[in-house]
Amino acid sequence: MRINIGVEKYPGGRSIAWALDYPGCFSNGSSDSEAIIRLPEALLRYKEWVDSHAADSWMKDLGDFSIHLADSFDVYSIDQYYELAADGYEVNAWFRHDWKPLTGEDIRRGLLTLQWSRTDLLELAAGLSPAQLNQEFEGERWSILGVLNHVANAEHWYLDRLSLAHTERKNLPSDVYERLQVVREQMNRALPSLEDSTQVVGVNGEFWSPRKVLRRAAWHEIDHIEHIFKLIAKL
């Protein structure tokens, strides 16, 4: 089986390798080659995770596989005039794969992936005291509660790229857990409406499509679950 991947390369060397057909499956590296090398292990962990949740896992037939670099993208920043800038709006990866409309099966799998990652996220936070949730860490931008708030805000922002965030951010609940729930309900309503949509829009100099929104939303929550694990280890 051939696994198509896209590599997103950031200034300074940090890279993400994306398994393009499997939202939520990705690997990080300090270089593009390191991210690619780590992708097979990430794919096996993803398979184990999906298999443990789904009675009819879409990963059950994964056998021998090879990694195929289908696309790569160099991240850059732009200013308000859409000119390259060292410190500006960061334009993230747009892969050719992101042009493909989401199928009904893509959406079903995406909703399940988001459901499972949200359960993991909430279970992780449930075992922490208010003091632990609010503890600040040297060198970290957010407390654990701050990370949860960031996850909700980012998902709202992704929806807004396609004009699907029907609640303004300022009107979202102030309670973090309610905010997470409200935004996720919006995502759960939005994704099924995007089946077979060929919508591609440019927002702030960056391309967005339903497939890119799903790809980044699934990645973002799982990535911050790993982030919270690291913060818990510092408690």
Side-chain angles (χ1 to χ4, degrees), residues 5-10 14-29 35 38-39 42-43 45-46 49-50 53 73 75 77 89-95 97-98 102 106-107 109-125 140-165 167 169 172 176-191 194 201 203-204 206-232:
I5 70 169
V7 173
E8 184 169 11
K9 297 182 284 187
Y10 288 79
R14 181 175 73 89
S15 296
I16 304 174
W18 304 81
L20 295 174
D21 292 307
Y22 304 101
C25 181
F26 61 92
S27 59
N28 296 302
R38 289 181 172 178
L39 198 280
L43 186 67
R45 289 198 308 270
Y46 178 79
W49 185 63
V50 173
H53 287 86
F73 186 95
V75 173
S77 296
Y89 176 81
E90 186 176 83
V91 178
N92 294 127
W94 173 260
F95 299 122
H97 189 266
D98 292 322
L102 290 172
D106 289 330
I107 292 168
R109 294 178 182 182
L111 288 170
L112 286 172
T113 298
L114 292 171
Q115 174 188 325
W116 300 332
S117 65
R118 179 53 53 85
T119 298
D120 291 347
L121 181 74
L122 295 178
E123 287 182 350
L124 192 58
E140 293 286 345
R141 183 176 180 182
W142 298 297
S143 65
I144 293 173
L145 199 66
V147 173
L148 297 177
N149 192 63
H150 170 67
V151 168
N153 290 340
E155 191 162 300
H156 179 270
W157 187 82
Y158 291 139
L159 286 168
D160 191 53
R161 301 309 87 187
L162 299 180
S163 300
L164 293 170
T167 304
R169 179 170 164 176
L172 291 173
V176 171
Y177 296 100
E178 291 181 15
R179 180 178 290 234
L180 283 164
Q181 180 179 347
V182 166
V183 175
R184 178 51 55 85
E185 287 172 352
Q186 291 181 6
M187 178 67 78
N188 289 343
R189 288 193 299 270
L191 281 176
L194 297 172
V201 298
V203 184
N204 297 332
E206 181 175 8
F207 279 135
W208 288 91
S209 68
R211 187 172 292 275
K212 180 174 175 177
V213 165
L214 174 57
R215 173 170 66 79
R216 294 203 74 91
W219 156 79
H220 190 258
E221 185 159 77
I222 293 171
D223 190 55
H224 278 295
I225 288 171
E226 296 177 5
H227 182 194
I228 290 173
F229 267 118
K230 293 177 182 177
L231 296 180
I232 289 174

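None of the values given here were measured: they were computed from a predicted structure.
- Counting heavy atoms from C-beta outward, L148 and Y177 have side chains that approach closer than 4.5 Å.
- For S117 against I225, the heavy-atom pair with the smallest separation is O-CD1, 3.3 Å.
- Considering CD1 of I107 and CG of N188, their distance stands at 11.5 Å, rounded to 0.5 Å.
- Listed by chain and residue number, nothing satisfies the ring-ring contact (aromatic ring centres under 6.0 Å, His included) test with H156 (two or more places apart in sequence, or in another chain).
- Taking the side chain as every heavy atom from C-beta outward, W208 and R216 approach each other to under 4.5 Å.
- Closest of all the heavy-atom pairs between H97 and L20 is CE1-O, 3.0 Å.
- Residues forming a side chain to side chain donor-acceptor pair (under 3.5 Å) with N204 (at least two apart in sequence, or on another chain): none.
- Taking both residues in full, the closest heavy atoms of A93 and E8 are given as N-OE2, 2.8 Å, listed atom of the first, atom of the second, then distance.
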Intermediate values then yes/no, side chain to side chain donor-acceptor pair (under 3.5 Å), N149 and W142: CA-CA 9 Å; N149 192 63; W142 298 297; over 6 Å; no

Check against side-chain contact (heavy atoms from CB on, under 4.5 Å), L194 and L214: CA-CA 10 Å; L194 297 172; L214 174 57; over 6 Å; no

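- I228 has its side chain within reach of L121: a pair of non-hydrogen atoms, C-beta onward, lies under 4.5 Å apart.
- Taking H227 as the reference, H224 meet the ring-ring contact (aromatic ring centres under 6.0 Å, His included) condition, with sequence neighbours excluded.
- For Q115, there are no side chain to side chain donor-acceptor pair (under 3.5 Å) partners two or more places apart in sequence or in a different chain.
- Separating the CD1 atom in I16 from the CD1 atom in I5 is a distance of 12.5 Å, to the nearest 0.5 Å.
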side-chain contact (heavy atoms from CB on, under 4.5 Å) assessment of Y10 paired with E90: CA-CA 10 Å; Y10 288 79; E90 186 176 83; 3.6 Å; yes

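- When all heavy atoms of L43 and Y22 are compared, the closest pair comes out as CD1-CD1, 4.3 Å.
- Rounded to the nearest 0.5 Å, atoms CH2 (W18) and CG (L39) are 11.5 Å apart.
- Between L124 and F229 the shortest heavy-atom distance is CD1-CE2, 3.7 Å.
- From I222, atom CD1 reaches atom CG of D120 across 8.0 Å, with rounding to the nearest 0.5 Å.
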Stepwise side-chain contact (heavy atoms from CB on, under 4.5 Å) test for E140 and L231: CA-CA 9 Å; E140 293 286 345; L231 296 180; 3.6 Å; yes

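- One finds the CD atom of Q186 at 4.0 Å from the OG1 atom of T167 (value rounded to the nearest 0.5 Å).
- Across all their heavy atoms, T113 and P23 have their closest contact at CG2-O, 3.7 Å.
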From CA spacing to verdict: side-chain contact (heavy atoms from CB on, under 4.5 Å), V201, R161: CA-CA 8 Å; V201 298; R161 301 309 87 187; 5.5 Å; no

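- Applying the side chain to side chain donor-acceptor pair (under 3.5 Å) criterion to S143, with sequence neighbours excluded, gives no partner residue.
- Between W94 and F207, the two ring planes are tilted [angle within 30° to 60°].
- The distance from atom CZ of R211 to atom CG of D98, rounded to the nearest 0.5 Å, is 8.0 Å.
- Cation-pi geometry between R45 and W49 is not met at under 6.0 angstrom from the ring centre and within 45 degrees of the axis.
- Using the six-membered ring where Trp is involved, H220 and Y158 have ring planes that are perpendicular, over 60° apart on the 30 and 60° scheme.
- Applying the salt bridge (Lys or Arg N to Asp or Glu O under 4.0 Å) definition to pairs two or more places apart or across chains, those involving residues 143-156 are R118-E155, E155-R184.
- Between the side chain of E221 and the backbone N or O of V151, no donor-acceptor pair lies under 3.5 Å.
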